[in-house]
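Numbers here are sequence positions counted from 1.
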Amino acid sequence: MQVAEAFILDANGNPVSYNGHLVTKKSLAYTGAAHLGAQDATTLFTVTGDVIVAIFAVCTEDLAGASATLEVGIAGNTAALIAQTVGTTIDLGEIWTGTNPPTVASMPADKILTNGTDIIQTIATANVTDGELTYYCLWVPLTAGASVVAA
């Protein structure tokens, strides 16, 4: 079974890939509303089966919101993929892979997710009231039918 919406396609309809990884993306424009910057957990990517993933975000508008913190991970380990970071330190043009977002970054390390473990973003301390991040999840299926789809 092919899940076409699970990855980005180029102009010729071919999957965009990097170093053997398929690429899936999700953009979030923060407003402070539920799942758009409120203090809660939001599913970024729905995972089916076992996969290898690497994830980062590109800031396309400065984040605002007092002392709001963001982290990316899984249920039970909410900072497993990107460490907790104060949102206002993530600025336009920066690449969020950890606590000090640079404008040029190395690829994040691959992680293995099993049994359909979804990728979540958790916001705490205060709401993120403005700004925008585009998340990129690079992934490789390990089991038949495995996929990563933007939630």
Side-chain angles (χ1 to χ4, degrees), residues 3 5-10 15-141 146-151:
V3 182
E5 66 275 7
F7 43 81
I8 302 169
L9 300 177
D10 66 16
V16 173
S17 65
Y18 167 77
N19 204 21
H21 292 66
L22 296 168
V23 181
T24 302
K25 74 175 185 174
K26 178 182 180 95
S27 294
L28 285 177
Y30 298 99
T31 64
H35 305 296
L36 290 174
Q39 296 177 61
D40 59 17
T42 301
T43 301
L44 297 174
F45 299 99
T46 303
V47 178
T48 302
D50 299 344
V51 296
I52 297 172
V53 300
I55 189 166
F56 61 92
V58 174
C59 183
T60 54
E61 181 185 343
D62 289 359
L63 300 190
S67 57
T69 59
L70 297 90
E71 57 196 42
V72 176
I74 60 172
N77 191 351
T78 57
L81 301 172
I82 303 178
Q84 186 179 77
T85 305
V86 175
T88 55
T89 65
I90 305 171
D91 297 322
L92 175 68
E94 292 181 336
I95 303 156
W96 182 39
T97 59
T99 56
N100 295 305
T103 54
V104 175
S106 298
M107 288 301 298
D110 286 339
K111 305 285 185 169
I112 301 168
L113 298 181
T114 61
N115 200 27
T117 304
D118 292 341
I119 299 170
I120 61 171
Q121 167 197 266
T122 303
I123 295 176
T125 311
N127 292 350
V128 177
T129 56
D130 196 16
E132 186 169 345
L133 291 175
T134 299
Y135 285 97
Y136 292 90
C137 184
L138 287 66
W139 63 279
V140 176
S147 67
V148 175
V149 180

Would you say the side chain of [Y] lies within less than 4.5 Å of the side chain of [X], judging by non-hydrogen atoms?
X	Y	result
Leu28	Leu44	yes
Thr85	Leu70	no
Thr88	Val86	yes
Val72	Leu81	yes
Ile120	Thr122	yes

All pairs passing ring-ring contact (aromatic ring centres under 6.0 Å, His included) where residues 22-45 contributes a residue, at least two apart: none
Measure from the side-chain N and O atoms of Asp62 to the backbone N and O of Leu92, and report whether any donor-acceptor pair falls under 3.5 Å. yes
Test your reading of the model: is there a side-chain donor-acceptor pair from Lys26 to the backbone of Ala151, 3.5 Å cut-off? yes
Return the minimal non-hydrogen interatomic distance between [X] and [Y], and the atom names on each side.
X	Y	value
Gly98	Ile82	N-CG2, 3.9 Å
Met107	Phe56	CE-CE2, 4.1 Å
Ile55	Ile119	CD1-CG2, 3.9 Å
Ala126	Ala66	CB-CB, 4.3 Å
Val148	Cys137	CG1-SG, 3.9 Å
Leu63	Glu132	CD2-N, 3.6 Å

Supply the atom-to-atom distance [X] [atom1] to [Y] [atom2], rounded to the nearest 0.5 angstrom.
X	Y	atom1	atom2	result
Thr31	Leu36	OG1	CG	4.5 Å
Ile52	Thr114	CD1	OG1	12.0 Å
Lys25	Thr134	NZ	OG1	6.0 Å
Ile123	Gln39	CD1	CD	8.5 Å

The test is side-chain contact (heavy atoms from CB on, under 4.5 Å); show your working for Asp50 and Ile112 and say whether it passes. CA-CA 7 Å; Asp50 299 344; Ile112 301 168; 5.8 Å; no
Worked verdict on Val51 versus Leu113 for side-chain contact (heavy atoms from CB on, under 4.5 Å): CA-CA 5 Å; Val51 296; Leu113 298 181; 4.1 Å; yes
With a sphere of 6.0 Å drawn around CG of Asp40, does it hold more than 12 non-hydrogen atoms of other residues, nucleotides or ligands? yes
Identify, with sequence neighbours excluded, every residue that meets side chain to side chain contact (heavy atoms under 4.5 Å, CB included) alongside Thr48. Ser147
